[in-house]
Number of protein chains: 2
Amino acid sequence: MNAGEQRVRKPRADVQRNRAALLETAQRHFLRNGVGTSLDAVAREAGLGPGTLYRHFPTREALLAAVLQSLQTCSEELVARQAEIDQLSDADEVLEQWLRAMEEYFSTFSGLSDPLMAAAQAQAPDDPLRIPCDIFISATDKYVKAAQSAGHVRTSIRGYDLFLAACSIAWIKSNGANEQSLDRLRTLLASGYRERDEKA
Amino acid sequence: MNAGEQRVRKPRADVQRNRAALLETAQRHFLRNGVGTSLDAVAREAGLGPGTLYRHFPTREALLAAVLQSLQTCSEELVARQAEIDQLSDADEVLEQWLRAMEEYFSTFSGLSDPLMAAAQAQAPDDPLRIPCDIFISATDKYVKAAQSAGHVRTSIRGYDLFLAACSIAWIKSNGANEQSLDRLRTLLASGYRERDEKA
DNA sequence: ACCTGAACACCGTTCAAGT
DNA sequence: ACCTGAACACCGTTCAAGT
């Protein structure tokens with residue numbers, strides 16, 4: 001065995017168990033109370049000390065990122081949705097559906113848009129939420145480029161812009177907007193990014 | 001004097017002094033630390049007990065609303081800006097400038113967009129921030145209607161929608177977006193609300 | 001190596017005691 | 001009538017003591 005090689009030791013059984021309990025409890029609390037939920041209460045209900053939570057997940061963002069990754073329901077739903085979307089023939093429709101799928105994912109927990117938006121623009125490259133953000137941004141970029149080469153989206157638009165827009169819509173929604181307002185905003189947005197016919 | 005008449009007694013001198021000290025200190029703390037700043041620290045630095053702050057301003061929103069109202073600089077600047085804007089001949093330009101003016105006002109304190117957005121959509125009609133929100137919304141409505149009758153803005157748009165949009169931009173900005181992203185989003189938005197020529 | 005939970009320094013809020 | 005500040009119930013975070 002090479003001396004420089006990383007040793008990936010299998011974690012102790014209780015460590016694995018604790019981590020799973022924390023994730024499971026945190027997920028429930030995030031779903032019920034939003035991203036601002038008490039971490040003390042999470043540790044307590046998981047039957048662990050606050051210190052244990054803190055070492056497993058040094059920041060709220062780290063816990064949030066881990067919970068998001070472990071959330072099978074949402075990830076699978078998103079992947080399934082993405083598969084459906086990729087089947088669509090109309091590149092315009094594809095983009096619209098993808099924006100809705102993102103918006104719904106960002107509404108998984110109330111208040112999730114805030115740390116996501118912060119992570120998307122963070123100076124610190126080690127924000128744990130950067131990973132999901134970057135995935136969403138590059139996926140959006142793919143769809144935007146496809147729609148652009150089909151002539152449906154203005155060339156000045158980037159995937160990043162529409163990621164920010166979808167995040168904003170989710171933010172407005174989590175602040176209690178009604179569906180009519182949201183729909184008008186979505187329409188507003190769509191008319192903004194769609195290619196318009198130049199005046200002759 | 002009628003028995004049912006409201007007696008508006010002049011407040012005691014120390015009460016007036018305390019209120020002024022709280023507002024002045026709170027303003028400084030909001031400016032420096034954003035809307036989430038410690039209210040305890042505000043009371044302490046104003047030389048008062050936390051209970052005094054709490055009776056003058058029962059919630060953070062109440063304090064925030066009072067500080068906004070007392071912020072001469074910003075209000076005056078906004079009024080002056082509005083006067084300038086009203087002089088413009090182009091109704092399209094007017095609306096665009098107004099949206100920028102709102103956006104800047106919403107950036108007075110970091111994080112101000114959050115309570116404003118909440119207040120704009122609150123069920124509770126007694127949220128103290130509803131007053132500034134309603135002022136902004138109806139002003140936006142006025143500008144939108146003017147632009148619409150000049151044929152510059154789609155008729156499906158309401159002032160409320162563009163208020164939400166300006167609030168979102170300020171929110172994105174307060175999360176550290178760079179100016180290029182913001183500009184692309186503003187352009188995106190403007191192409192969305194502008195009247196487009198129907199295909200022949 | 002990992003967990004534990006007491007301890008610390010903070011919050012916002014209340015309320016009995018003062019003036 | 002208004003102010004005061006101790007008291008309360010919460011935070012998140014750290015770290016010495018355990019296993």
Side-chain angles (χ1 to χ4, degrees), chain A residues 6-26 29-30 32-67 109-111 114-115 118 124 126-129, chain B residues 6-26 29-30 32-67 109-111 114-115 118 124 126-129:
Chain A
Q6 282 281 353
R7 293 233 243 132
V8 181
R9 201 192 290 266
K10 182 168 182 155
R12 238 165 57 180
D14 57 337
V15 173
Q16 285 181 276
R17 219 176 327 119
N18 288 339
R19 190 188 147 86
L22 286 167
L23 283 178
E24 194 273 333
T25 312
H29 283 232
F30 282 141
R32 199 188 316 135
N33 309 324
V35 295
T37 198
S38 158
L39 298 185
D40 253 41
V42 169
R44 209 182 312 130
E45 205 184 305
L48 299 168
T52 307
L53 185 147
Y54 200 67
R55 190 162 5 77
H56 276 270
F57 308 103
T59 62
R60 184 180 294 273
E61 281 71 31
L63 178 57
L64 206 44
V67 169
F109 310 131
S110 142
D114 289 274
D126 57 337
D127 188 315
L129 288 171
Chain B
Q6 282 282 355
R7 292 232 243 134
V8 181
R9 201 192 288 265
K10 183 169 181 155
R12 238 165 57 180
D14 57 338
V15 173
Q16 285 181 277
R17 218 176 327 118
N18 288 340
R19 189 187 148 88
L22 286 168
L23 283 178
E24 193 273 334
T25 312
H29 283 232
F30 282 141
R32 199 188 314 135
N33 309 324
V35 294
T37 198
S38 159
L39 300 185
D40 253 40
V42 168
R44 209 181 313 128
E45 205 184 305
L48 299 167
T52 307
L53 185 149
Y54 199 68
R55 190 161 5 76
H56 276 270
F57 309 103
T59 62
R60 185 180 294 272
E61 281 71 32
L63 178 57
L64 206 44
V67 169
F109 309 131
S110 143
D114 289 273
D126 58 337
D127 188 315
L129 287 171

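Proteins come first, then strands; the chains are lettered A, B, ... in the order of their sequence lines, and each starts at number 1. Keep in mind that what you see is a predicted model, and the values were worked out from it rather than measured.
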Problem - Distance test, side-chain N/O of B:Arg55 to OP1/OP2 of D:dC3, below 4.0 Å - result: yes

Practice task
Examine C:dC3: is either OP1 or OP2 under 4.0 Å from a nitrogen or oxygen in the side chain of A:His56? Give yes or no.
Solution key: yes

Handout entry: Pair listing, side-chain hydrogen bond (donor to acceptor under 3.5 Å, both in side chains) test, anchored in residues 47-61 of chain A, at least two apart
Key = none

Handout entry: B:Arg19 CZ - D:dC2 C1' separation (whole Å)
Key = 15 Å

Problem - side-chain hydrogen bond (donor to acceptor under 3.5 Å, both in side chains) partners of B:Asp114, counting only residues at least two apart - result: A:Trp171

Practice task
Determine: side-chain N/O of A:Asn18 to OP1/OP2 of C:dC3, distance under 4.0 Å, yes or no.
Solution key: yes

Problem - Residue pair A:Ala65 / A:Pro128: nearest heavy atoms and the distance that separates them - result: CB-O, 3.6 Å

Completion exercise
Applying side chain to side chain contact (heavy atoms under 4.5 Å, CB included) to A:Glu24 and not counting sequence neighbours gives A:Arg28

Exercise for the section: Take the protein atom CZ of B:Phe57 and the nucleotide atom P of C:dT13, then report the distance between them rounded to whole Å. Expected result: 14 Å

Exercise for the section: Would you name the heavy atoms of B:Ala62 and B:Phe57 that are closest together and state the gap between them? Expected result: O-CD2, 4.1 Å

Exercise for the section: Report the C-alpha distance between B:Leu129 and B:Leu64 in whole Å, list the side-chain angles of each, state the deciding distance to 0.1 Å, and finish with yes or no for side-chain contact (heavy atoms from CB on, under 4.5 Å). Expected result: CA-CA 8 Å; B:Leu129 287 171; B:Leu64 206 44; 4.2 Å; yes

Practice task
Mark up nucleotides 7-12 of chain D, 5' to 3', with B wherever a protein heavy atom is under 4.0 angstrom from a base atom, S wherever such an atom reaches only the sugar-phosphate, and - elsewhere.
Solution key: ----SB

Which atom pairs, donor and acceptor, lie under 3.5 Å between side-chain atoms of residues 34-43 of chain A and protein residues at least two apart or in another chain?
{"from": "A:Thr37", "atom 1": "OG1", "to": "A:Asn33", "atom 2": "ND2", "distance (Å)": "2.9"}
{"from": "A:Ser38", "atom 1": "OG", "to": "A:Asp40", "atom 2": "N", "distance (Å)": "3.4"}
{"from": "A:Ser38", "atom 1": "OG", "to": "A:Ala41", "atom 2": "N", "distance (Å)": "3.1"}

Problem - Stem regions touching DNA chain C, defined by at least 3 consecutive Watson-Crick or wobble G-U pairs below 3.5 angstrom - result: C:4-8 with D:12-16, C:12-16 with D:4-8

Handout entry: Atom-to-atom span, CZ of A:Arg17 to C1' of C:dC3 - whole angstrom
Key = 12 Å

